[in-house]
Amino acid sequence: MSPIHPFTKNTTLASQSTPPQTEPPVVWSWLPFLGSAVAFGQAPLDFIRESSARMQAPCFVLVLAGERTCFVADPALWAQVFRERRRLR
């Protein structure tokens with residue numbers, strides 16, 4: 001049996017299948033701590049609309065000053081979020 005190098009990924013057929021999406025997608029940013037805070041601060045509503053369209057999802061996560069903040073851009077989902085808010089924490 002050959003040793004596995006620490007930098008190689010041991011993949012199996014089961015791990016190659018994509019798991020179901022359980023969390024909203026995260027908007028990527030170049031800035032590690034600030035995240036999207038600078039772009040969000042310049043034009044918040046435009047940034048939310050563009051991020052929702054780019055992520056192709058009604059809700060998404062932004063990193064703002066080191067905190068993960070979830071945005072729900074589809075008004076049809078707001079009632080469901082408020083009903084389930086205790087489970088979402």
Side-chain angles (χ1 to χ4, degrees):
M1 184 167 181
S2 65
I4 297 175
H5 191 274
F7 297 110
T8 60
K9 188 175 183 182
N10 186 9
T11 59
T12 62
L13 185 59
S15 67
Q16 291 176 357
S17 63
T18 57
Q21 185 81 16
T22 57
E23 293 188 10
V26 178
V27 176
W28 188 83
S29 173
W30 285 98
L31 303 171
F33 179 75
L34 289 177
S36 303
V38 175
F40 178 76
Q42 291 174 347
L45 293 177
D46 291 336
F47 187 81
I48 291 171
R49 284 186 198 110
E50 291 169 7
S51 296
S52 179
R54 185 175 55 234
M55 301 307 284
Q56 297 179 348
C59 27
F60 54 91
V61 173
L62 294 179
V63 177
L64 300 172
E67 294 291 323
R68 291 171 51 97
T69 307
C70 184
F71 286 85
V72 180
D74 185 359
L77 296 176
W78 293 349
Q80 182 179 355
V81 169
F82 284 117
R83 276 194 309 271
E84 302 290 333
R85 70 180 174 264
R86 288 191 177 91
R87 270 192 347 170
L88 297 173
R89 292 179 192 241

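Worth knowing before you read on, the calculation uses all heavy atoms, side chains too, and leaves out hydrogens, waters and symmetry mates. Index from 1, following the sequence. Values in this document were obtained by computation on a predicted structure and should not be read as measured data.
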Inset, instruction - Quick one: sort the F60 and F71 rings into parallel, tilted or perpendicular, breaks at 30° and 60°. - result: parallel
Taking all heavy atoms of [X] and all of [Y], pick out the closest pair and write down the distance.
| X | Y | answer |
| --- | --- | --- |
| V26 | R68 | CG2-NH1, 3.6 Å |
| V63 | P32 | CG1-O, 4.5 Å |
| P24 | C59 | CB-O, 3.7 Å |

Legend entry - hydrophobic_cluster_shared for L62 and M55, side chain cutoff 4.5 Å: yes
Legend entry - Residues, nucleotides or ligands: over 12 heavy atoms within 6.0 Å of W28 CH2: yes
Inset, instruction - State, with a plain yes or no, whether a side-chain heavy atom of P44 is found less than 4.5 Å away from one of F47. - result: no
Inset, instruction - Taking the side chain as every heavy atom from C-beta outward, state whether R54 and V27 have any atom pair closer than 4.5 Å. - result: yes
Legend entry - Point-to-point distance, once rounded to the nearest 0.5 Å, from CG of L64 to OG1 of T69: 4.5 Å
Inset, instruction - Any chance you could measure E67, atom CD, to F33, atom CZ, to the nearest 0.5 Å? - result: 7.5 Å
Inset, instruction - Would you please test L31 and V38 for side-chain contact (heavy atoms from CB on, under 4.5 Å) and show each step? - result: CA-CA 9 Å; L31 303 171; V38 175; 4.2 Å; yes
Inset, instruction - Determine yes or no for a side-chain-to-main-chain donor-acceptor pair under 3.5 angstrom, with S52 supplying the side chain and I48 the backbone. - result: no
Legend entry - All side chain to side chain donor-acceptor pair (under 3.5 Å) counterparts of D74, not counting sequence neighbours: none
